[in-house]
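Below you'll find the structure, written out as structure tokens, and then a few comments.
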Amino acid sequence: MPVSWSAIGTLAAVALGAWAVRRVWWGYPPAPPDAKVLSRREIAFLAAAADATYPSGGPVPPSGSEAGVPSYADRYVAAVPPGTGLLMRLLFFLVEHATLAFPAPGRGGRRRFSSLSPDQRGAVLEAWGTSSWFPRRLVFSSLRAILTMGYFADPVVLRALDLAPRAIETPVVEADLLYPPIGAPRDAIRHRPGDLSPIGGAPVGPGAPLHPAYREPAS
Amino acid sequence: MSAKGQVRVFSDYQRDFVESADVVVVGSGPSGAVVAYELAALGRQVVLLEEGPPFTPDDFELDGAFSMARTMREAGLRTTRGTVIPTMQAIALGGGSLVNSAICVRPPEFVFEGWREHFELRQTGRKELDPHFDAVEAFLGIAPTPDEVQGQRNLLFRDGCDALGIDSEPIARNVKGCRGSGECFTGCRARAKQSMDISYVPAAIRSGAKVLTSVQVQEVRAENGRATGVQGQVVEPFTGRRSHRFRIDARAVVLAAGCMATPVILQKSGNLANRSGQVGQNLQFHPGLAVLGVFPDRVHPGFGATQGYQSLHFLREGFKLETLWAPAAVLAVRFPGFGQDLKRRLADVPYSANWDAIASCHRSLGRVRARRGPSMDPILSWHFHPEDVPTVGRALWEIARIFFAAGARKILPGVHGVAEEMHSLEEAEVLRTRAFKATDFVTASNHAFCSTRMHGDPARGVVDELGRSHDLPNLYVVDTGIFPRCSSVNPMLTAMALAHRSSGVIADQV
Ligand SMILES: Cc1cc2nc3c(=O)[nH]c(=O)nc-3n(C[C@H](O)[C@H](O)[C@H](O)COP(=O)(O)OP(=O)(O)OC[C@H]3O[C@@H](n4cnc5c(N)ncnc54)[C@H](O)[C@@H]3O)c2cc1C
Ligand code: SF4
């Protein structure tokens, strides 16, 4: 039976569509249950980009995903104004899928970013970061800023770099008798005139105890 | 404490309301807070309106990005169109003073000479303003940063400057009992920083002012050529959701909403006070850029006053140099590369210091425009003038010299097109010789000015040098928008001194 050109065309289009759908949408691991706004695809991309930027080992041991970068980014996107969050998600989509149009070097380079080998991911990020085209560098630096903010929020990373916030006693000043915490009613003001205490004290230095949220958990 | 005045917070608003006062002040940043206090102290009935909430220490976020999302407009991610420059404006009781480094500098006379010469001003020089600088400095206890809280990061800058014969000095700041925690940007847990919310605003309340927080002014009302008050809506902290409407009738209106917000309010008020066509024009910044230096010994960069040392040595050449600290995440963005290479570089963090330059760029201008629809966020545009770009390159070179003179083993200039790391002054020479393009730098600026500039000629400025609108006799603008050109030094103290001067004029009128 002669095969018509239109049937071949349809088959080719279906095959191409299936290939595109598979490359773009399929095969992502499930999102963590506590994800607020990002999809499993975005979380997988962020884990891949975070680990390419901050691999495991070295003087600051945690990798990007061990430092919780994807879930940090998820909370951050939820905290910024919706329009800004949308732009960030477009940024993730762009870098994740740009390699389908502009493949990474080496075999199998025409895959989405999160499916590339670690070396290929590195090569792709390097190309974005050193591009002579300013907007491309800007995309890269925006992505890298989000990953870096997430990495540097991790107490393990901050402790390793001697940057974890220290415990500081907060004195009670006149203003503390005027304002309740944000969103709370006036009767949530906890302090009374008798609570006023002097400001000042010894300089906070490297030997000062860590803020409780940044202390090493007792094993 | 006997508070004669009062403060209202979001949970206090149950319905629409109308109030009246002698003077309504819009914005509680350094400029508005000074006016509110001075007028209340002179016995005028003052209502101070602020869109942001008051932050208590329980409300501070130690993480830099989440802190920005709470304390800054547009989550701290605002940028200009044209030449992209990130710029932040706070949304909080106290405005920028809640998150700034408390740097207070009087501009030298030559800055004011430039203002007077080009903008037909007569009474704006150090001689005329010094009494106002004195008053603000005395009120806030502004004093040079003592060595005990400088930390290595700041003192190394001094050492480098000394070695080269470059003048430097400890930065004078509005702090009392600073502990040198280096976290001014996320809010001072030690309550040492005398931000407006804990200094001028409580004093204004004590003197009888009414302070309404979480209220967004959307329009200045005017009738028969006079301002009659303002109106707007209550807004929920962080979500910005609008609810009850309000109106404040007043005999004088003072706009201190900041240089990126005041023009929007005027534009949304039927293009008020704009016969000159200058509202929203002439926007200027101090483009800033930081260089990271790595030393052989530990610097412990997280400790010490956030910004403790400065050099005004090159001010006439167009730049000021300072030490810098910000949350680790914000500064770490500067480390180049990725992968194991980046990890290796991170090991340098405890040995590193950041120093920055802010440049006076009079030729680089921008605009502030209102958006269509209800949003009060501005559309900003700005263009880095090619003739201003070399100033930044020159500043980088001087920072490199100071780093190497202080004993740095390498620097990371963070500039496109040159080496990521430079290990000697010879390697850094390229910073001096290269013809940079604006896009080679990643600059940022939180110093913004001139969008409602003062000018002696009503056809070329929005207000006169006392902050009075050229068009409406009882409308004043007192924020950094009234600077006729940039201040060449950090603007807060100048804005406060000008606001202090305007207070006397307003008091005479009402
Ligand atoms: C991170 C950072 C660090 C800085 N460090 C320094 C420093 O160390 N030294 C220095 O001199 N300068 C510094 N600056 C700049 C300085 O803080 C500003 O120049 C200064 O705060 C400007 O004061 P202002 O009163 O003109 O405006 P703002 O401080 O911006 O105050 C304006 C207030 O008006 C409110 N507002 C705006 N629109 C409305 C509306 N529609 N209705 C009601 N309220 C409204 C805002 O919420 C804000 O609180 C820094 C700025 C930032 C962001
Ligand atoms: S350095 Fe620390 S203690 Fe000093 S004013 Fe800033 S935040 Fe407060």
Side-chain angles (χ1 to χ4, degrees), chain A residues 52-55 57-60 75-76 79-81 84 122 125-126 129 134 137-138 141 144-146 148-153 158 161-166 168-186 193 198-206 211 213-214, chain B residues 1 3 7 9-12 53-59 62-66 69 74-75 77 84 93 148-149 176-177 179-181 183 189-192 197-198 201-202 205 237-238 240 298 300-303 327-330 332-333 335 338-340 342-344 346-347 349-350 416 439 442:
Chain A
T53 310
Y54 297 102
V60 189
R75 282 180 285 123
Y76 186 55
V80 300
T84 312
L125 291 184
E126 173 151 23
F134 178 67
R137 291 204 307 278
L138 198 64
S141 53
R144 201 170 173 286
I146 297 169
T148 301
M149 291 187 312
Y151 192 67
F152 276 77
L158 291 176
L161 295 172
D162 191 20
L163 295 177
R166 296 320 206 245
I168 292 180
E169 324 77 73
T170 298
V172 180
V173 299
E174 180 188 358
D176 297 317
L177 315 183
L178 296 171
Y179 322 129
I182 296 172
R186 180 161 303 283
I199 40 181
V204 181
H211 183 284
Y214 291 84
Chain B
M1 197 202 57
V7 59
V9 296
F10 180 68
S11 58
D12 292 330
F55 277 73
T56 69
D58 290 343
D59 299 309
L62 287 169
D63 178 82
F66 279 94
E74 300 174 55
L77 302 172
V84 176
L93 187 68
E148 303 81 74
V149 294
K176 287 179 184 160
R179 312 267 317 265
S181 68
E183 53 187 28
R189 284 185 287 151
R191 304 305 250 168
D197 53 320
I198 70 169
V201 172
I205 294 169
F238 308 133
R298 274 183 175 255
H300 296 296
F303 301 101
V330 175
V333 169
F335 277 91
F338 47 84
Q340 290 301 348
L342 172 59
K343 289 298 256 325
R344 265 190 303 278
L346 289 186
V349 168
H416 178 68
T439 50
V442 184

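To find a chain, count down the sequence lines: A is the first, B the second, and so on, and within it residues start at 1. Quick note: numbers below take in every heavy atom, side chains included, and nothing from hydrogens, waters or symmetry partners.
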Which answer fits [X], side chain, backbone, both or neither, if we ask what part of it has an atom under 4.5 Å from a heavy atom of chain B?
X: A:I146; answer: neither
X: A:V173; answer: side chain
X: A:A184; answer: backbone
X: A:R137; answer: side chain
X: A:P180; answer: both
X: A:T84; answer: side chain
X: A:L161; answer: both
X: A:A52; answer: backbone

Of all heavy-atom pairs between [X] and [Y], which one has the smallest distance, and what is that distance?
X: A:A79; Y: B:F66; result: CB-CE2, 3.8 Å
X: B:L346; Y: A:Y151; result: CD1-CE2, 3.9 Å
X: B:K343; Y: A:P59; result: O-CG, 3.3 Å
X: A:Y54; Y: B:L342; result: CE2-CD2, 3.4 Å
X: B:D63; Y: A:M149; result: OD1-O, 4.5 Å
X: A:I182; Y: B:P54; result: CG1-O, 3.3 Å

Distance (rounded to the nearest 0.5 Å) between [X] [atom1] and [Y] [atom2]:
X: A:Y179; Y: B:D58; atom1: OH; atom2: CG; answer: 15.0 Å
X: B:K176; Y: A:I199; atom1: NZ; atom2: CD1; answer: 6.5 Å
X: B:R298; Y: A:D162; atom1: CZ; atom2: CG; answer: 5.5 Å

Heavy atoms, side chains only, cut-off 4.5 Å: are [X] and [Y] in contact?
X: B:P202; Y: A:L178; answer: yes
X: A:P165; Y: B:R189; answer: yes
X: B:S181; Y: A:R166; answer: no
X: A:T148; Y: B:F335; answer: no
X: B:Q340; Y: A:P55; answer: yes
X: B:H416; Y: A:F134; answer: no
X: A:P81; Y: B:L77; answer: no
X: A:R186; Y: B:D12; answer: yes

Let's test your reading of the structure: which of [options] forms the most heavy-atom pairs below 4.5 Å with chain A?
options: B:A65, B:P350, B:P327, B:A75; answer: B:A65
options: B:A347, B:G302, B:A190; answer: B:A190
options: B:V349, B:V201, B:V442; answer: B:V349
options: B:P301, B:G180, B:P53; answer: B:P53
options: B:G64, B:A332, B:G240; answer: B:A332
options: B:G339, B:A328, B:P237, B:A192; answer: B:G339

Among the listed options [options], the residue most often paired with chain B at heavy-atom distances under 4.5 Å:
options: A:V80, A:D176, A:L158; result: A:D176
options: A:G150, A:G205, A:G183; result: A:G205
options: A:G201, A:G58, A:P198, A:S141; result: A:G201
options: A:A164, A:P171, A:G129; result: A:P171

Whatever's closer than 4.5 Å to a heavy atom in chain A on B:D59 counts as side chain
*asked:* If the threshold is 4.0 Å, N to carboxylate O, is there a salt bridge linking B:R179 and A:E169?
replied: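 Here B:R179 pairs with A:E169 in a salt bridge, since their nearest N and O are under 4.0 Å apart.
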* Is there a donor-acceptor contact under 3.5 Å from the side chain of A:R144 to the main chain of B:V333? -> yes
